[in-house]
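Remember, it's a predicted structure, so these values are computed and weren't measured experimentally.
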Amino acid sequence: MAATNMQLIKELRERTGVGFGDCKKALAEAGWEMEEAIAIVRRESGAKAAKKADRTAAEGLLGVARSGDGERAAIVEINIETDFAAKNEKFVAFVAEAAERTLAEGAEGLAEALESRRAELVAEIGENINARRAARVEAPGGTVGVYLHQDSRQGALVGLTGGDADLARDLAMHVTAMRPLVVAPADVPEAVVARERAIFEAQAAESGKPANIVEKMVEGRVRKFLAESSLTEQPFVKDAQVRISKLLKQANATCTGFERFQVGEGVERQEEDFAAEVAAQVEKSA
């Protein structure tokens with residue numbers, strides 16, 4: 001096979017997520033024209049959509065929606081197999097619809113409510129699609145800040161009582177960037193603190209220092225861990241000289257909670273070896 005053709009197969013595979021054999025077939029049918037081959041892949045893969053439920057969908061987009069009064073907001077993560085397919089206009093619209101449905105109805109029942117629409121998209125786009133997770137944040141009498149990074153792959157919601165919409169959005173941006181685990185140190189689960197303390201104790205014991213010094217080292221590291229994990233104790237991303245707790249106090253505001261999502265976070269991705277796949281196809285056809 002010519003090197004140029006092999007490169008085209010690799011490019012088509014990367015752009016569509018379809019296997020080597022299907023890419024070769026589509027390109028040959030299209031006279032090795034890339035855009036026509038993509039169209040063929042989409043037409044052909046539609047017939048195979050029902051077989052794609054076991055394929056890892058670790059790409060995708062986040063969607064957000066906010067109520068007119070600003071007191072409620074929702075965030076969803078919808079996954080698809082490839083970054084290329086995540087840019088599909090109908091998939092983008094599907095994600096927005098999912099966020100609006102979550103805002104109106106909550107996370108419960110979201111998958112069931114959108115299952116028929118999802119099936120249509122799987123058939124049309126030819127990739128597995130999962131409504132992975134959804135959440136709402138509410139701040140009755142207050143405001144919920146919404147931030148979605150420009151790539152729509154990271155975002156957060158932050159609920160406030162007091163303060164204003166600008167502060168709430170700034171804090172949502174901060175949560176997106178700095179990844180706190182909880183609002184305040186007291187919110188860190190005891191089991192998590194105990195786990196970290198045990199790690200710090202083992203590390204400090206190797207220093208060979210006296211027991212009283214080791215104890216102080218451990219307590220210092222635990223305090224640092226709690227501060228780094230807590231929104232209120234972190235330095236503000238837009239002004240490192242100001243802690244979030246001070247920012248909230250100045251605005252006479254309280255954070256009621258937050259949600260932070262990142263596309264593909266925690267999803268085990270399938271690692272595929274293009275060279276191995278080619279070799280397998282050659283062996284199969286021999």
- Query: Counting distance only, does the side-chain N/O of Thr232 pair as donor-acceptor with the main-chain N or O of Ile244 below 3.5 Å?
  - Reply: no
- Message: To check you understand the geometry: which heavy-atom pair defines the closest contact between Val137 and Gly159, and what is its length?
- Response: CG1-N, 3.7 Å
- Query: Are any non-hydrogen side-chain atoms of Thr176 and Met173 less than 4.5 angstrom apart?
  - Reply: no
- Message: Counting only heavy atoms not in Arg221 (residues, nucleotides, ligands), do more than 12 fall under 6.0 Å from its CZ?
- Response: yes
- Query: Ignoring hydrogens and geometry, is there a side-chain-to-backbone donor-acceptor pair from Ser152 to Leu61 under 3.5 Å?
  - Reply: no
- Query: Does Val182 share a hydrophobic cluster with Leu231, counting links as ILVMFWY side-chain heavy atoms below 4.5 Å and allowing steps through other members?
  - Reply: no
- Message: Under 4.0 Å between a side-chain nitrogen and a carboxylate oxygen: does that hold for Arg133 and Glu259?
- Response: no
- Query: How many angstroms lie between atom CE of Met178 and atom CZ of Phe236, to the nearest 0.5 angstrom?
  - Reply: 11.0 Å
- Message: Quick check: closest heavy atoms across Ala156 and Ala172, and the distance to 0.1 Å?
- Response: CB-O, 3.5 Å
- Shared hydrophobic cluster for Leu103 and Val158 (ILVMFWY, side-chain gaps under 4.5 Å): no
- Item | From SG (Cys23) to NZ (Lys10), nearest 0.5 Å | 12.5 Å
- For Pro140 against Glu71, the heavy-atom pair lying closest together: CA-OE1, 3.7 Å
- Item | Heavy-atom pair of closest approach, residues Pro235 and Ala240 | CB-O, 3.5 Å
- Check the hydrophobic clustering (I, L, V, M, F, W, Y; side-chain heavy atoms under 4.5 Å; chains of links allowed) and say if Ile213 and Ile199 are grouped together. no
- Task: First locate atom CG of Leu62, then atom OH of Tyr147, and finally report the distance between them rounded to the nearest 0.5 Å.
- Result: 12.0 Å
- Query: Judged by atom type as modelled, is there a donor-acceptor pair below 3.5 Å linking the side chain of Arg66 to the main-chain atoms of Val144?
  - Reply: yes
- Side-chain (Arg118) to main-chain (Ile129) donor-acceptor, under 3.5 angstrom: yes
- With a 4.0 Å cut-off, would you call Arg153 and Glu59 a salt bridge? yes
- Message: So Arg179 and Gln154, do their side chains get closer than 4.5 Å, heavy atoms only?
- Response: yes
- Query: Do you know which two heavy atoms are closest between Gly163 and Ala253, and how far apart they sit?
  - Reply: N-CB, 3.5 Å
- Item | Over all atoms of both residues, closest heavy-atom pair of Ala26 and Ile40 | O-CD1, 3.7 Å
- Message: For a side chain to side chain contact (heavy atoms under 4.5 Å, CB included) check, start with the C-alpha distance between Val183 and Phe258, then their side-chain angles and the critical distance, and finish with the verdict.
- Response: CA-CA 8 Å; Val183 174; Phe258 65 81; 4.0 Å; yes
- Query: Can you tell me how far the CG atom of Leu160 sits from the CG atom of Leu167, to the nearest 0.5 Å?
  - Reply: 5.5 Å
- Does CD in Gln250 sit with more than 12 non-hydrogen atoms of other residues, nucleotides or ligands closer than 6.0 Å? yes
- Would you say Asp164's side chain and Asp166's backbone share a donor-acceptor pair under 3.5 angstrom? yes
- Taking the side chain from Glu196 and the backbone from Val222, do they hold a donor-acceptor pair closer than 3.5 Å? no
- Any donor-acceptor pair under 3.5 Å linking the side chain of Ser229 with the backbone of Leu181? no
- Message: Between Glu233 and Arg243, is there a side-chain heavy-atom distance shorter than 4.5 Å?
- Response: yes
- Item | CD/Glu33: more than 12 non-hydrogen atoms of other groups inside 6.0 Å | no
- Message: Applying side chain to side chain contact (heavy atoms under 4.5 Å, CB included) to Asn79 and Val263, what does each step give before you reach the verdict?
- Response: CA-CA 7 Å; Asn79 295 135; Val263 169; 4.0 Å; yes
- Message: Using the rule that Ile, Leu, Val, Met, Phe, Trp and Tyr join whenever any side-chain heavy atoms are under 4.5 Å apart, tell me whether Ile9 and Phe84 fall into a single cluster.
- Response: yes
- Task: For Asn252, look at atom CG and say whether over 12 heavy atoms of other residues, nucleotides or ligands are found less than 6.0 Å away.
- Result: no
- Query: Can you get from Ile125 to Val76 by hopping between Ile, Leu, Val, Met, Phe, Trp and Tyr side chains that sit under 4.5 Å apart?
  - Reply: yes
- Taking it one step at a time, do Leu247 and Leu171 satisfy side chain to side chain contact (heavy atoms under 4.5 Å, CB included)? CA-CA 10 Å; Leu247 203 64; Leu171 291 182; 4.2 Å; yes
- Looking only at atom types and distance, does a side-chain atom of Glu127 sit under 3.5 Å from a main-chain N or O of Glu81, one as donor and one as acceptor? yes
- Message: Distance check, rounded to the nearest 0.5 Å: Arg260 atom CZ versus His174 atom NE2?
- Response: 11.0 Å
- Message: Run the side chain to side chain contact (heavy atoms under 4.5 Å, CB included) test on Arg136 and Thr102 for me, step by step, so that the C-alpha distance in whole Å, both residues' side-chain angles and the decisive distance to 0.1 Å come before the verdict.
- Response: CA-CA 7 Å; Arg136 286 195 305 185; Thr102 300; 4.0 Å; yes
- To the nearest 0.5 Å, atom CD of Gln262 lies from atom NE2 of His149 at 10.0 Å
